Each structure stands twice: as structure tokens, then as C-alpha cells.
Amino acid sequence: NMREEIKRLGGEFLFDTKVTGFRLSEDKKSIKGVIARGKQGDVVTGTAHCVLAIGHSARDTFELLHNEYNIPMEKKPFAMGIRIQHPQDMIDRALYGDTRLDEKKRILGPSPYKLTHKASGGRGVYSFCMCPGGYVVNSSSEEGMLCVNGMSYSDRGGENANSAIVVNVTAQDMKGDDPLAGMKLQREIESAAYKAGNGNIPMETYGDFKAGNTEPRDIGEVLPAVKGYTNMADVRALFPEFIGDAIVEGIEAFSRMIPGFNRADALICGPETRTSSPVRILRDEGFESSIKGLYPAGEGAGYAGGITSAAIDGIKTAEKLLNR
């Protein structure tokens with residue numbers, strides 16, 4: 001319905017079409033058009049205003065803006081870690097209690113949680129995108145690389161709860177001054193994950209992850225709820241040491257809030273690398289980049305960290321554009 005309303009107002013949608021470049025003014029300081037490639041070849045749309053609402057995984061566009069158009073951008077802190085799976089019933093009993101549990105679940109639904117901890121090294125560890133009664137999913141987007149995400153169906157009826165447990169990564173953790181260093185760090189870890197899992201999602205028990213076992217054993221009572229194939233692998237070895245250590249410290253702390261959170265047979269899948277954009281495309285007070293008329297917006301531009309904040313940034317960007 002939203003799409004039909006936009007079409008009624010004169011908008012047009014080009015599906016299966018990829019932006020490959022921009023037409024600029026002679027002095028290279030303002031936008032004159034967008035070049036996109038679709039099934040019928042290149043399409044050039046003339047415009048003086050382009051809202052660049054890319055997502056946090058638009059790595060080809062980050063490289064295009066940086067390498068071809070020299071648009072200023074900078075490294076941006078983000079977070080990465082793993083997905084952990086527990087029986088949903090365990091989470092429900094911990095948070096709702098055993099009394100009238102079925103009634104509480106009928107009214108409230110399977111229990112979600114949100115957990116945070118400040119690790120001894122000063123880094124934040126927190127749950128992210130928690131999926132009650134959900135599934136871990138293979139969300140890879142580049143050949144030879146692998147990362148995971150989580151999802152629930154609307155009834156949240158799966159056997160397991162899962163959530164990302166992620167650790168803050170600062171600009172100082174990224175090598176050099178390259179504004180794309182965070183993206184390159186993500187790629188390094190995702191490439192290692194693809195190799196570790198032989199193309200499938202690397203998985204191990206929390207007991208093996210905590211102990212640093214290089215040859216993970218088989219699973220226990222917690223059975224995987226995963227969309228995609230898995231292979232037992234050393235997930236902890238995918239990450240820098242500070243991330244693995246902080247994840248273990250965080251999970252142990254979370255077990256004091258949710259008994260059993262640190263159970264040895266909880267399942268760890270990884271890596272979860274796409275919590276937010278690793279770059280920020282710089283913009284001025286009018287929300288324009290160094291190329292006038294080009295408005296970087298939302299999560300991929302580095303000004304939001306989730307669906308709601310990205311939507312708000314989109315509204316603010318539209319207001320700036322209307323003010324012109």
C-alpha cells in the first residue's frame with residue numbers, strides 16, 4: 001500500500017536495478033544524475049537531489065563513493081559477536097516464573113530479553129536483535145564470506161530463543177586511517193568464518209567457546225534452530241581475543257540475571273558482524289555530502305543504528321530536502 005501511494009503521487013520503482021555511478025556538474029561539486037544498471041542496461045535519471053538511503057552492508061557503494069568520488073567519510077564504531085541459542089522454555093521460566101506460565105505466555109507471548117554488561121576491559125557487551133522462538137539465519141551477502149543474523153516468525157513459535165551477543169569495536173581497533181578499515185575487518189572475519197565452516201555456518205557449544213577448544217565436540221540437549229547448514233567449528237578463533245573474552249564475561253554476567261544463560265550446551269553460531277554501519281559518510285548541517293544534492297541517509301550512511309532510528313533519520317533528511 002505504501003508503494004502504491006508513492007506511485008499514485010508520481011513515484012517510480014526500479015526493481016533489480018543497481019546504482020553504479022553518478023553524473024556530476026562540470027566542477028564536480030553537485031549532482032546532476034544517477035546511473036543505474038538493470039535488466040535492460042544502463043538507466044540514467046537526471047536529478048539535482050539524490051537521497052542515498054543505502055543499508056549498512058552496501059559495501060560496493062561505500063567503495064564507489066570513496067574510490068571514485070572522493071566523498072569524505074570516516075571509520076565508525078560498531079559491534080560484532082555471535083548468536084547464542086537457548087530453549088525458549090528456559091527463558092520463559094526464568095523471566096515469567098513457573099506459576100501460571102501458560103497463561104502468561106498466552107497473554108504476553110514467548111519472553112524476550114535485553115541484557116547489557118560492562119566488561120572488565122571497559123567494553124560494552126550486550127544482547128542485540130533478540131528473537132523469541134526464532135531461528136539463526138545465514139545472512140551472507142558476498143562470495144566466500146559468511147555471517148549470521150536472527151529472525152522469528154510472527155507466532156514466535158520456535159523451540160529456541162536466540163540473540164546476538166556483541167562487543168563494542170572502536171575506531172582504534174581498526175587498522176590505519178582508511179575510512180573503510182571497519183568494513184575490511186568485517187570481511188576478514190567473514191572470510192575466516194566461511195573457511196572454518198566449509199561454506200556453512202560455524203557452530204559450537206558455549207562450553208567449548210568458553211574453554212577455547214580448537215576441536216569442538218558435538219552438541220548437547222539444545223538442538224539448533226537454524227535456517228541454513230551448519231558445521232561444528234572453533235567460532236571463538238574467528239575473532240580478536242578481546243571480543244571472545246568479553247563475550248564470555250558477558251554471558252557469565254547474564255547468567256546471574258537469567259539462570260542457565262551460561263549453560264554449557266547453549267549453542268554459539270557466528271559471526272554476527274552487521275549490527276550497524278562501519279563507516280560514516282560525512283554530511284553538513286543541511287544533510288548534504290561534499291557533493292551538493294547528494295544526501296547520505298539512514299543506517300548505511302552511519303547516522304542510525306537500527307530500523308527505528310533509520311526511519312527517523314529518513315524523516316529528518318526529507319525535512320532538510322523540503323527546506324531547500
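For the numbers below, each heavy atom of this structure counts, side chains included, while hydrogens, waters and symmetry mates do not. Heads up: numbering here begins at 1 and tracks the sequence. For clarity, every value in this text was computed on a predicted model and none was experimentally measured.
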Could you tell me whether the side chain of [Y] reaches within less than 4.5 Å of the side chain of [X], counting heavy atoms only?
{"X": "His66", "Y": "Ile71", "answer": "no"}
{"X": "Asn149", "Y": "Glu272", "answer": "yes"}
{"X": "Asp234", "Y": "Glu204", "answer": "yes"}
{"X": "Ile219", "Y": "Asp265", "answer": "no"}
{"X": "Thr205", "Y": "Ile268", "answer": "no"}
{"X": "Tyr206", "Y": "Val248", "answer": "yes"}

Open item on the list: Can you confirm whether the side chains of Ser120 and Glu249 place a donor and an acceptor under 3.5 Å from each other?
Closed with: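 Checked: Ser120/Glu249 side chains pair up, N/O donor to acceptor below 3.5 Å.
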Task: Distance-only donor-acceptor check, side chains Ser255 and Arg263, under 3.5 Å - done: no
Spell out, as yes or no, whether a donor-acceptor pair under 3.5 Å connects the side chain of [X] to the backbone of [Y].
{"X": "Tyr303", "Y": "Ile281", "result": "yes"}
{"X": "Lys75", "Y": "Ala171", "result": "yes"}
{"X": "Asp155", "Y": "Gly157", "result": "yes"}
{"X": "Ser191", "Y": "Ile189", "result": "no"}
{"X": "Tyr295", "Y": "Ala53", "result": "no"}
{"X": "His86", "Y": "Ile91", "result": "no"}
{"X": "Glu190", "Y": "Thr273", "result": "no"}
{"X": "Asp92", "Y": "Pro110", "result": "no"}
{"X": "Asp284", "Y": "Phe287", "result": "yes"}
{"X": "Gln88", "Y": "Ser111", "result": "yes"}

TODO: Determine, stepwise, if the pair Ser30 / Ser25 fulfils side-chain hydrogen bond (donor to acceptor under 3.5 Å, both in side chains).
DONE: CA-CA 6 Å; Ser30 59; Ser25 59; 3.1 Å; yes
TODO: Report yes if the distance between the aromatic ring centroids of Phe254 and Tyr113 is under 6.0 Å, otherwise no.
DONE: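 No; Tyr113 has its ring centre 6.0 Å or more from that of Phe254.
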- [ ] Evaluate the salt bridge (charged side-chain N to carboxylate O under 4.0 Å, His left out) criterion for residues Lys7 and Glu4: first the C-alpha distance (whole Å), next the side-chain angles of each, then the deciding distance (0.1 Å), finally the verdict.
- [x] CA-CA 5 Å; Lys7 288 165 65 176; Glu4 291 302 319; 3.4 Å; yes
Any ion pair linking [Y] and [X] (charged N to carboxylate O, less than 4.0 Å)?
{"X": "Arg106", "Y": "Asp102", "result": "no"}
{"X": "Lys320", "Y": "Asp313", "result": "no"}
{"X": "Arg236", "Y": "Glu241", "result": "no"}
{"X": "Lys18", "Y": "Asp60", "result": "yes"}
{"X": "Arg187", "Y": "Glu63", "result": "yes"}
{"X": "Lys210", "Y": "Glu252", "result": "yes"}
{"X": "Glu142", "Y": "Arg59", "result": "yes"}

TODO: Any side-chain hydrogen bond (donor to acceptor under 3.5 Å, both in side chains) involving residues 164-174? Give me the pairs, sequence neighbours left out, ordered by first then second residue.
DONE: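 Qualifying pairs: Arg123-Asp173, Thr170-Gln172, Thr170-Asp173.
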- [ ] Sequence neighbours left out, what passes side chain to side chain contact (heavy atoms under 4.5 Å, CB included) with Pro77? Give chain and number order.
- [x]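 Checked Pro77 against side chain to side chain contact (heavy atoms under 4.5 Å, CB included); zero matches.
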- [ ] Just do the side-chain hydrogen bond (donor to acceptor under 3.5 Å, both in side chains) check on Lys76 and Ser276 with the steps written out, would you?
- [x] CA-CA 9 Å; Lys76 177 185 148 300; Ser276 64; 3.2 Å; yes
Cluster question for you: counting only ILVMFWY and a side-chain heavy-atom cut-off of under 4.5 Å, with indirect links fine, are [X] and [Y] together?
{"X": "Leu65", "Y": "Ile291", "value": "yes"}
{"X": "Val166", "Y": "Leu185", "value": "no"}
{"X": "Phe78", "Y": "Leu282", "value": "no"}

Task: Test side-chain hydrogen bond (donor to acceptor under 3.5 Å, both in side chains) applied to Ser289 and Arg283, step by step - done: CA-CA 4 Å; Ser289 72; Arg283 63 190 189 189; over 6 Å; no
- [ ] Mind listing the closest non-hydrogen atom pair of Ala119 and Val125 along with its distance?
- [x]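 Reported closest heavy-atom pair: CB-CG2, 4.1 Å.
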Task: Taking every non-hydrogen atom, the tightest pair across Gly270 and Pro202 - done: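 Distance-wise, the nearest heavy atoms are O-CD, 3.2 Å.
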